[in-house]
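The model shown is predicted, which means the values in this text are computed figures rather than measured ones. The sequence lines fix the lettering, A, B, ..., with proteins before strands; numbering per chain opens at 1.
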Amino acid sequence: MSYHDLSTGDVTVAALLILINGAISLMLGLGLERRLFIATVRTVVQLLLLGYVLKWIFGARHWVAIVALMLVMSAIAGISAVRRTEHRYPGVWMSSITAVMASSWIVIVIALTGVISPSAWSSNPAQYAIPLMGMILGNTLNGISLGLDRLSEELTSRRGEVEMRLCLGATRWEAARPFVANAIRTGMVPIINSMMVVGLVSLPGMMTGQILAGAEPMDAVRYQIVIMFLIAAGTALGTTSAVLLGYRRLFNRRHQFLAGSIRRVKS
Amino acid sequence: MTEVASPPLLRAERLRRRADDGTLLLDDVSLAISPGESVAIVGPPGAGKSLLLRSLALLDPIESGEVTLNGVLISDDGVPDFRSHVVYVQQRPMLTEGTVRENLQLPFAFASHREQTFEESSIIEWLKSMGRDSGFLERTIADLSGGESQVVALIRALQLGPQVLLLDEPTSSLDPHTSSQVETLLKRWMSENGKRSMVIVTHNESQATRMSNRCVRLSGGRVVGGSP
């Protein structure tokens, strides 16, 4: 594989493109300049930091460092999923972190044992494990935040309907089931939509990256197909676990709906 | 309606419930309902009438106190079955999208009503007594008036044959004609079986007199009058 190294000057030229965004914001009075500036700085700083961390881990080649980084990444994904939602209830953070951890680790283990042969990555596990984990987490946290928000939103706005079901003798599961199903559906729809149009209206980032790095297009495509399925499985597992854990927090053992424990916060 | 003296069917003992800020919403409220009784709960707004009714249906966690049915405490697993015998009808009728028939069939999908089936003939009879024909079953919920929605919600509860019916202001949003029809329907349901009981929360003193043989007065979360 061969690719052209980007110099600091090349990156600076690309950064200047952000001035287009700034000009549009100024001309139309969008008021986005400050956020745009912060976002630009964060993009550079966060990615540079990640670069240094990955460089160190690739150099160290120690499984403890790799697992530690992946644990930190999963925990941050769990926290970010909740921070994106507009509702909170006791235990939501733990539900989200648990759901992210469980789903992403199950999928990554399957990927690194059943899909990609260990002989391919055993000499440098970080090269495979960390990028795959990053892509699975990014999508799983999106599914979880959509699912959790939908669950809280529906249960709050349709509280009367939930209680009507309980009043007529429904168990907590029978009362919550339509709303749980809607929440899981909401979390899973984006990845299904992505799978529908992948390659038609968008070239996925990982595939593009591999091609830029000199990989054969068909090799890159095979990797992209695998990653789409890993992401879909991670999203389904993560969203389902987070929503089910949320349901258990919001309905107690006496089949009572704890509507008062849901609090709306500014997103 | 006549006084009935039998062992309590539904009993609430020293129910206590607080708001998040620590204010007492229900302060040691006790109530016993015998088979065949109609009990009205009256009181000013904020007295805790609806909260008491919700607590009787075990809908909210309480701080202390207990509710028994036929002298038996309700275990966690037994709550859905309890609610199939002690049915609470909300003040605002809650119906799901679809037709009247689909709404009436809804409870039979729940495990606690697995033994029962939707009996269309008795539903049509009830509807006829309210001046509606069988075509009413196919009406969509979006096309119903407030009064018609309340009638559907009531029939949905009545068809389950509960031992106790808990009614939260069942006619508060209805016009006088529909109110009178609803009262007639409830009286008819009570008279069909002498062991059925009803607890009705109302702000309307004359309705309390018409619909009950005993009245309990609440104020500030406490029983302040009547015979609990």
Got more than 12 heavy atoms from elsewhere within 6.0 Å of [atom1], [X]?
X: B:R14; atom1: CZ; answer: no
X: B:R222; atom1: CZ; answer: no
X: B:R11; atom1: CZ; answer: no
X: A:F37; atom1: CZ; answer: no

Which atoms of [X] are under 4.5 Å from chain A, going by heavy atoms: the side chain, the backbone, both sets, or neither?
X: B:A111; answer: both
X: B:L59; answer: both
X: B:A109; answer: backbone
X: B:L106; answer: side chain

Among B:P61, B:P107, B:A57, who wins on heavy-atom pairs under 4.5 Å with chain A?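 The residue among B:P61, B:P107, B:A57 with the greatest pair count is B:P61.
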Once rounded to the nearest 0.5 Å, what's the spacing between atom CG of B:L58 and atom SG of A:C167?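 Rounded to the nearest 0.5 Å, the CG-SG separation comes to 10.5 Å.
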Which atom pairs, one donor and one acceptor, sit under 3.5 Å between chain B and chain A?
from	atom 1	to	atom 2	distance (Å)
B:R54	NH1	A:E163	OE1	2.9
B:R54	NH2	A:E163	OE1	3.4
B:R54	NH2	A:E163	OE2	2.7
B:L58	O	A:Q256	NE2	3.0
B:D60	O	A:Q256	NE2	3.0
B:I74	O	A:R254	NH1	3.0
B:I74	O	A:R254	NH2	3.0
B:D76	OD1	A:R254	NH1	2.9
B:R83	NH1	A:H255	O	3.0
B:R83	NH2	A:R254	O	3.4
B:R83	NH2	A:H255	O	3.0
B:Q90	NE2	A:G160	O	2.9
B:A111	N	A:E174	OE2	2.7
B:S112	OG	A:G169	O	2.7
B:H113	NE2	A:L168	O	2.7

